[in-house]
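The next block holds one structure in the form of structure tokens; read it before the comments.
Position 1 is the first residue of the sequence; numbering continues from there.
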Amino acid sequence: MLFKPKSVRTHFSGLIFFQNYQRNLWVKPSHRYGKYNEEDDDDKDPKLRNTKENQLDHFYLYKSKGQHLLTNTRILDAIVRRSNIKPTDTVLEIGPGTGNLTVKLLEAAEKVVAVEIDKRMVDVLHKRVAENGLQERLNVICKDAMKVEFPQFDLVVANIPYGISSPLIAKLVYGRNPFRSATLLLQKEFARRLLAEPGDSEFNRLAVNVNLVADVEFVMDVSKREFLPCPKVDSSVVIIRPKPELPDVNLNEWRAFTRTCFGKKNKTLGATFKQKKKVMQLLKLAKTTSLNKENPPTGNNYECDEYYDGKYEDEDTDGEECFASSTSDLEMNLFKEKIVGILRKSGFEDKRPSKVSNEDLLHLLSLFNQAGIYFHDHVKPDDLGNANAAYLS
């Protein structure tokens with residue numbers, strides 16, 4: 001068994017976890033959710049603090065931080081092989097941990113940029129890489145992967161923490177850094193959602209938004225028994241390849257549109273767009289967009305539009321009430337008929353988004369925009385604090 005009480009020390013001699021010496025690795029189960037705070041763990045567990053002070057070779061793996069290390073050399077080799085790394089490539093690795101994958105990447109690539117938030121892991125990683133004589137080709141960034149700006153890279157190869165899968169993929173595929181491919185080890189259920197196609201029970205907004213800009217290939221499943229500590233679920237390896245050409249669509253508009261469509265993915269599009277609240281939101285946006293075209297706004301140019309998820313449409317309740325009070329029922333009904341007319345004429349009224357392809361969704365969005373119906377407020381700044389997950393899930 002890999003799960004043992006906190007007081008029992010787990011010894012891993014002979015694993016690839018360390019090559020030239022033995023260390024003791026403690027696994028600390030966590031019942032806390034949300035962001036990891038190492039200081040909180042130390043403060044709440046005096047025994048752990050004393051252990052760190054007196055036994056420097058011992059440290060814990062925190063499940064709350066997604067610290068599950070892949071130890072199977074055969075799988076590690078397969079991941080590197082399928083990544084098609086060139087000797088001149090710079091590889092970005094998110095969450096290198098103690099370096100099981102990192103060492104193999106350094107042997108294949110010219111350079112590896114490893115982003116690791118845990119300073120304890122960074123110390124072990126540096127020592128291990130130095131023992132292999134590869135330290136000059138490794139650049140470690142000890143920061144949060146969701147907050148740091150990535151340097152230029154050719155490939156991504158990573159066993160990423162499950163908790164940041166969605167926002168990290170969003171940051172990669174909608175980011176500014178061009179790259180050839182991303183080989184990622186993901187939670188199996190998440191990977192299935194990413195690979196889903198129209199008509200599949202798992203088909204969702206994640207697949208729709210990722211597949212607009214990238215192709216996703218399934219590589220293999222990985223048993224949970226291959227990790228240390230053992231997670232509760234199995235994993236899968238996928239390769240994401242950005243498409244060489246993107247559709248001619250405003251990405252902010254697209255994401256806001258799919259957010260509306262997939263709010264209830266099994267509800268018909270007609271039922272979704274006939275809702276009074278949605279009609280009011282779209283009418284307000286239509287008027288705002290029309291005014292902005294006549295009087296272009298001035299001020300800051302917010303470029304980080306990949307972080308916008310359309311949250312303003314749902315949160316500005318005071319503005320909606322004010323707008324509703326100043327809008328006549330006749331105007332609302334006419335606008336609603338306009339929306340329904342587009343859906344009916346194009347044959348989308350009775351269709352469910354879970355069964356509609358990206359090509360059809362792009363066509364419907366184009367019809368709406370041509371009629372002056374928009375889904376994204378281009379005036380309001382993007383929420384830079386949002387980690388992108390909302391518009392992919």
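- The 12-atom threshold is exceeded at CD of E217, counting heavy atoms of other residues, nucleotides or ligands nearer than 6.0 Å.
- If you look at F368 and F273, their ring centroids are closer than 6.0 Å.
- To the nearest 0.5 Å, the span separating CE on M121 from CD on E116 amounts to 6.5 Å.
- No side-chain heavy atom of L105 sits less than 4.5 Å from a side-chain heavy atom of P96.
- Residues F218 and I240 share a hydrophobic cluster, clusters being chains of Ile/Leu/Val/Met/Phe/Trp/Tyr side chains in contact below 4.5 Å.
- Atom CG of L364 and atom CG of N369 lie 9.5 Å apart (nearest 0.5 Å).
- Between L186 and S165 the shortest heavy-atom distance is CD2-OG, 3.9 Å.
- Remark: K171 qualifies as a cation-pi partner of F150 under the 6.0 Å distance and 45° angle criteria applied to the six-membered ring.
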Side chain to side chain contact (heavy atoms under 4.5 Å, CB included) assessment of F375 paired with L282: CA-CA 7 Å; F375 297 83; L282 295 179; 3.6 Å; yes
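- Other residues, nucleotides and ligands contribute only 12 or fewer heavy atoms inside 6.0 Å of the NZ atom of K111.
- If you check the side chains of Q281 and K278, you find a donor sitting under 3.5 Å from an acceptor.
- Put simply, Y174 and L246 are part of the same group of oily side chains (I, L, V, M, F, W, Y) that touch within less than 4.5 Å, one to the next.
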Residues I79, V219; criterion side chain to side chain contact (heavy atoms under 4.5 Å, CB included); working and verdict: CA-CA 9 Å; I79 290 174; V219 177; over 6 Å; no
Test log, rule side chain to side chain contact (heavy atoms under 4.5 Å, CB included), inputs I75 and E226: CA-CA 9 Å; I75 297 175; E226 309 295 351; 3.7 Å; yes
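- Atom CZ of R259 and atom CG of N209 lie 11.5 Å apart (nearest 0.5 Å).
- The local environment of NZ in K143 is sparse, with at most 12 non-hydrogen atoms from other residues, nucleotides or ligands closer than 6.0 Å.
- Both I342 and F257 belong to a common hydrophobic cluster when Ile, Leu, Val, Met, Phe, Trp and Tyr are linked at side-chain heavy-atom distances under 4.5 angstrom.
- When every heavy atom of C261 is checked against every heavy atom of P353, the shortest pair comes out as O-CG, 3.1 Å.
- Within the 3.5 Å criterion, the main-chain N or O of L206 finds a donor-acceptor partner in the side chain of N204.
- I85 and M220 end up in the same hydrophobic cluster when Ile, Leu, Val, Met, Phe, Trp and Tyr side chains are linked at under 4.5 Å.
- The distance from the CZ atom of R180 to the CG atom of D154 is 6.0 Å, given to the nearest 0.5 Å.
- The side-chain heavy atoms of F153 and V113, taken from C-beta on, include no pair separated by under 4.5 Å.
- No side-chain donor-acceptor contact under 3.5 Å links H68 to the backbone of L228.
- The backbone N or O of N211 lies less than 3.5 Å from a partner atom in the side chain of K243, making a donor-acceptor pair.
- Interatomic distance, CG of N84 versus CG of L155, reported as 8.5 Å (0.5 Å rounding).
- Under 3.5 Å, the side chains of N100 and R128 contain a donor-acceptor pair of N or O atoms.
- For the residue pair K351 and V356, the shortest heavy atom distance occurs at CB-CG2, 4.1 Å.
- Annotation for K224 and C230: closest pair O-SG, 3.4 Å, computed over non-hydrogen atoms.
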H126/V122 under side chain to side chain contact (heavy atoms under 4.5 Å, CB included): CA gap, chis, key distance, verdict: CA-CA 6 Å; H126 275 304; V122 171; 3.4 Å; yes
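- Within the 4.5 Å cutoff, side-chain heavy atoms of Q152 are placed close to those of P178.
- Transitive grouping of hydrophobic side chains (ILVMFWY, heavy atoms separated by less than 4.5 Å) keeps V340 and M332 in distinct clusters.
- Proximity of I373 to L367: side-chain heavy atoms (C-beta onward) are nowhere separated by under 4.5 Å.
- The pair K355-D360 does not count as a salt bridge, with every side-chain nitrogen at least 4.0 angstrom from each carboxylate oxygen.
- Closest non-hydrogen pair, K265 versus F203, comes out as NZ-O, 2.8 Å.
- Taking 4.5 Å as the limit, some side-chain heavy atom of D118 sits within range of a side-chain heavy atom of Q67.
- Between K274 and E349 there is a salt bridge, since at least one side-chain N of the basic residue sits less than 4.0 Å from a carboxylate O of the acidic one.
- Under the 4.5 Å side-chain criterion, counting only non-hydrogen atoms from C-beta, Q135 is in contact with V129.
- Across all their heavy atoms, S236 and R192 have their closest contact at OG-NH1, 3.5 Å.
- For the atom pair CZ (F227) and OG1 (T71), the distance works out to 8.5 Å, reported to the nearest 0.5 Å.
- Judged by distance alone, the side chain of K338 and the main-chain N or O of A371 form a donor-acceptor pair under 3.5 Å.
- Two residues are said to be in side-chain contact when any heavy atoms from C-beta on lie closer than 4.5 Å; P247 and W254 fail this criterion.
- Counting only heavy atoms from C-beta outward, the side chains of L101 and L185 never approach each other to under 4.5 Å.
- At distances below 3.5 Å, not a single donor-acceptor pair connects side-chain atoms of N358 with backbone N or O atoms of A207.
- In summary, the side chains of T288 and Y374 do not present any donor paired with an acceptor at a separation below 3.5 Å, with no hydrogens or angles considered.
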